[in-house]
2 protein chains.
Amino acid sequence: MPRCYILRVNQAADTREVIAAAALEFIDEHGVNALTLRALGRATGLHHTAMYRHFKDRNDVLTAVNAIVVKEGLSRAGELPKEPRERLLALARGLRSAMRDHPAVTLSHLLPIESLANSEPVATMQSGILASLTELGLAGSDLLVHHRLLESYVLGASVFDFGGAPAHLETRRQRLRHVTDPAFEAATRDEASIDELNEVAFDRGLVLILDECARVGALARVDRSARPG
Amino acid sequence: MPRCYILRVNQAADTREVIAAAALEFIDEHGVNALTLRALGRATGLHHTAMYRHFKDRNDVLTAVNAIVVKEGLSRAGELPKEPRERLLALARGLRSAMRDHPAVTLSHLLPIESLANSEPVATMQSGILASLTELGLAGSDLLVHHRLLESYVLGASVFDFGGAPAHLETRRQRLRHVTDPAFEAATRDEASIDELNEVAFDRGLVLILDECARVGALARVDRSARPG
DNA sequence: ACCTGAACACCGTTCAAGT
DNA sequence: ACCTGAACACCGTTCAAGT
């Protein structure tokens, strides 16, 4: 009984990736909590226990889904600029943009902290960021601290901003209900206004942090050329 | 059959709060995923279905646990300074400190985005932050953006920093394994070094953001006094 | 008002069996 | 090598029944 209508027509593609793509689509539509292995089985036309042939466990499926999102973030960043500060800006905005496209996935973005380290898109993103920070002049503990700051900010703020989706609007209304400023009224009027506010705030913080990275990097570079060796 | 050894000796206290405190203790020890209602029943000496007399559902339990952590954050902040920038610093560091004390709870801190809005400690924290930002001179959309930035940074970065705990050390080693800088070697040597790096990076970003809030607030204040009305 | 016990519909995971 | 089907130990939640 050929129930595998998706897999049958994608024999060329790697089964693992086909399943992961189906999982991403399912999460986008129904949320991450609704993604049970049985539901994923229905979506792919496979028996739910067949997943264990391609994934270690359910977390492994989510890890693969996250890798797709990071990969989309890289392609969103486009051709990477030569200038390191511009490159960091492009990478961060690209990743943010991919996460915004898949808000329901974001909740499981805390998972990759544990398990995504070995995926290829994450390694690419990681080394791109480290190389850019180094080019800015950062080294040693300065490099460590600012790398950590940038990572925590970009991923942390995005997880926070999108993790509660799609309950955003009502939540924000609740949290700001004691404020009487008319600007608050306007910003909490609809989803679009809140989303725009989020993006403006995120970009403000991102520029702030990258400016600091460039400033400290430039200082360190001057310091090194003053007393070489 | 008196199985309720905890509740029996705390008849004065509110049952809901006693259960929430037991849940916090359990999560600290066994992680948030291990907190099933049946396990919580065992910990409190109650039948697991009795929880529904005090909580709407399992998420409601986690919401109550989060409220305790935020409350601890407020008390960690201590006597609040008069100066608004110092007050924001104290509030943010206090909350961060409470979250660091309960890293396993942090994973569920994305939940409060949806549901914690109505708890009393969160409301207190919220209004304290808004009042401080206003005192700094921020108003209108400036106030909105910087409030959002501060909130996303403090909560987001902390969720990200602690969410993967206690798998921190191995994760960081994995993620930075391509770096050869000796400073990285030192920083990933043990848990304490990584924790220290996290705290240094967090505080750096916090000061950066608060300086920006003060700067923009001061500008806006000058602007308002230049053309009053 | 608060707690118990049985029950329901689910879940992730394992494993022997098929091709 | 890949997939199925039955089975296991669990889970959150509901509800009638007890005091």
With a 4.5 Å limit on heavy-atom distance, are the side chains of A/Q126 and A/E151 in contact?
yes
Please find the pair of heavy atoms, one from A/D60 and one from A/K56, that lie closest to each other, and give the distance.
OD2-N, 2.9 Å
Do you know which two heavy atoms are closest between A/L206 and A/V154, and how far apart they sit?
CD1-CG2, 4.1 Å
Taking pairing as Watson-Crick or G-U wobble with both contacts under 3.5 Å, can you name the mate of C/dC11, or confirm there isn't one?
none
Protein heavy-atom contacts under 4.0 Å, written 5' to 3' over nucleotides 6-19 of chain C as B (base), S (sugar-phosphate only) or - (none), form the string BB---BBBB-----
Aromatic contact between A/F202 and A/Y153, with the criterion being ring centroids under 6.0 Å apart: yes or no?
yes
Side chain to side chain contact (heavy atoms under 4.5 Å, CB included), paired with B/V61, selected from B/L40, B/L24, B/I27:
B/L40
Just the rounded figure in Å: distance from P of C/dG5 to CG of B/L46.
12 Å
Checking N1-N3 plus N6-O4 or O6-N4 for Watson-Crick, or N1-O2 and O6-N3 for wobble, each under 3.5 Å, the partner of D/dC3 is none
